[in-house]
Visitor: 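Pasting a structure below so you can have a look.
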Amino acid sequence: MAVKRIAVRGVNWVGDAVMTTPALRSVRLSNPGAHITLLVKKHIAGLFEKDPSIDQIMVLGDECEGASGKLRLARRLKSGGFDEIILLQNAFGAGLSAWLARIPRRTGYSRDLRGPLLTKPVPYGGEDRRMHHVDYYLNLLEKAGLCRVEKSLPWVHLTPEERLKARQLLQGLERPVIALTPGAAFGSSKRWPVGSFIKLADLINTRLGGSVALLGSASEAQAAQQIIREASSGPGRILDLAGKTGVREFAAVLSECDAVVSNDSGAMHVAYAVGSRVVALFGSTSPELTGPPGHSTVMKKQYGCSPCFKRTCAKGGAAPPCLEAISPDEVFEALRNILPSRRAVFFDRDGVLCKDPGYLSRWEDFEPAAGLEQLVKLRDMGFAIIGITNQSGINRGTISEDFVKEVNAHFGKYGFEAFYYCPHRPDEICSCRKPSPGMLLEASRQLNIDLKGSYMVGDKTSDILAASSAGAFPVLIGSDGPADIPWAGPFFRAGSLKEAVEFILKREAC
């Protein structure tokens, strides 16, 4: 039987592209055996380079612009032998190319006069001004009946190598390292004044003792240079990366900063989608529609004219009054409130805290590990003790979720403050299943944990990778994994849980 071939026409703005990631995941989960091709412009393509929802990226260059470009694209689409195309992009031209290619099933919102070009036109009633844009793209899939919608937070997939390389780039800066992104491609109505960024940089330096990383596209390089010239921060306290990174390095650097202060821009969306803490500054737009989901902080002053959704403010000036009114002191306090102040030791469960029988599904197979009583020493040193465990048996139907919770709760008597578990199978493309760092990042946000001052104890290579991705120091019990994983950074191999605890205590005493 022929493999189903699905094309997805992506969007053209970085922030919007990030907000389509839950929709792409839904398409993949409902079509696990299909070949999925994403059509996007070159400056967007890197975001999806490691995304397991996508099999292939078709880069749309300048040759696809204009009337002749639509014909060229139609020919490319026709040669791809696609059974179906989903138009996440709203433009008429996207529908025209799909129609010219004679793709049998063509789905998109019926807007921009393209309804007659679609086989599954979804009625449009201004949904992008009534719902968050993450839901706007999911709504298209649901209303078209294309797939079962799986709600999830946007996520940009980075490799441990990419995160480690970015960490090394920031290594010489004093922590906390705060990323400032002064740009917004949409227009000046979304840009906090550069002067305010300058004052904030000084506050980060003088009152936090931290450093600043300036990030953005080449068009923001001028603003970055002004911040460097006029800020009173000492030498080595500001790193200028504006216009000097590709989109993947840009995302990786944001993931490694302790927090990000950003306008409502592509940078803001990338930051929360790689797990960063964000203070988001809103002017002409609405956080209800494009704001950061999750645990971010939104700063916005409500005026009678907002949200106006205009590129420039009708009142004139370098920045709109609604952004001028947000003071650097206010932003600094919001920033200080989201910075982590605690440290933790994270523990994998099966194989570390208890015997791993394969899928632990009944109490008869539960056997606690020797040395659990040693964990109190870590708590006495001030560490939070947190459990992190993959439990795909829940979604496989082999383990009761209630039983998983009962086992996790059992470890409370050893000082565990919280226990996080991932119920997803590997093919469900979640952000929480190790080796992804999602569970550690979630614990960090909820419990105020400084991951770069923390440890992760596990018994598998996936534990090392999750720890390295999050910035925690990995401790590996047993012989799993290669003798050395240079791209994952240093780690310690322990022979037992007791030896792992002793290593941490000794390292902290040095």
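Worth knowing before you read on, the calculation uses all heavy atoms, side chains too, and leaves out hydrogens, waters and symmetry mates.
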Visitor: Look at Asp135 together with Lys151 and state whether they make a salt bridge at an N to O cut-off of under 4.0 Å.
Guide: yes

Visitor: Asp348: which residues meet the side-chain hydrogen bond (donor to acceptor under 3.5 Å, both in side chains) condition with it, sequence neighbours left out?
Guide: Lys434

Visitor: Side chain to side chain contact (heavy atoms under 4.5 Å, CB included) with Ser30: which residues, sequence neighbours excluded?
Guide: Cys147, Arg148

Visitor: What residues form a side chain to side chain contact (heavy atoms under 4.5 Å, CB included) with Ala17, not counting sequence neighbours?
Guide: Val11, Ile44, Leu47, Phe48

Visitor: If we ignore angles and hydrogens, is there a donor and acceptor under 3.5 Å between the side chains of Ser444 and Arg277?
Guide: yes

Visitor: Show me the pairs that pass ring-ring contact (aromatic ring centres under 6.0 Å, His included) and involve residues 196-226, at least two apart or across chains.
Guide: Trp192-Phe197

Visitor: Name all residues meeting the salt bridge (Lys or Arg N to Asp or Glu O under 4.0 Å) criterion together with Lys41; count only those two or more places apart in sequence or in a different chain, and write none if there are none.
Guide: Glu65

Visitor: Quick one: pull up CD in Glu220 and CG in Asp240 and give me the separation to the nearest 0.5 Å.
Guide: 11.5 Å

Visitor: Would you say Tyr109 and Asn139 are linked by a side-chain donor-acceptor pair, where the criterion is simply a distance under 3.5 Å?
Guide: yes

Visitor: Restricting to pairs with a member in residues 250-269, which pass ring-ring contact (aromatic ring centres under 6.0 Å, His included), not counting sequence neighbours?
Guide: His269-Tyr272

Visitor: Looking at Asp55 and Arg28, does any basic side-chain N land under 4.0 Å from a carboxylate oxygen?
Guide: yes

Visitor: Looking only at side chains, do Glu150 and Ser152 share a donor and an acceptor under 3.5 Å apart?
Guide: no

Visitor: Does a donor on one side chain sit under 3.5 Å from an acceptor on the other, for Ser265 and Asn263?
Guide: no

Visitor: Does Arg129 count as lying over the ring of Phe309, i.e. NZ or CZ under 6.0 Å from the six-ring centre, within 45 degrees of the axis?
Guide: yes

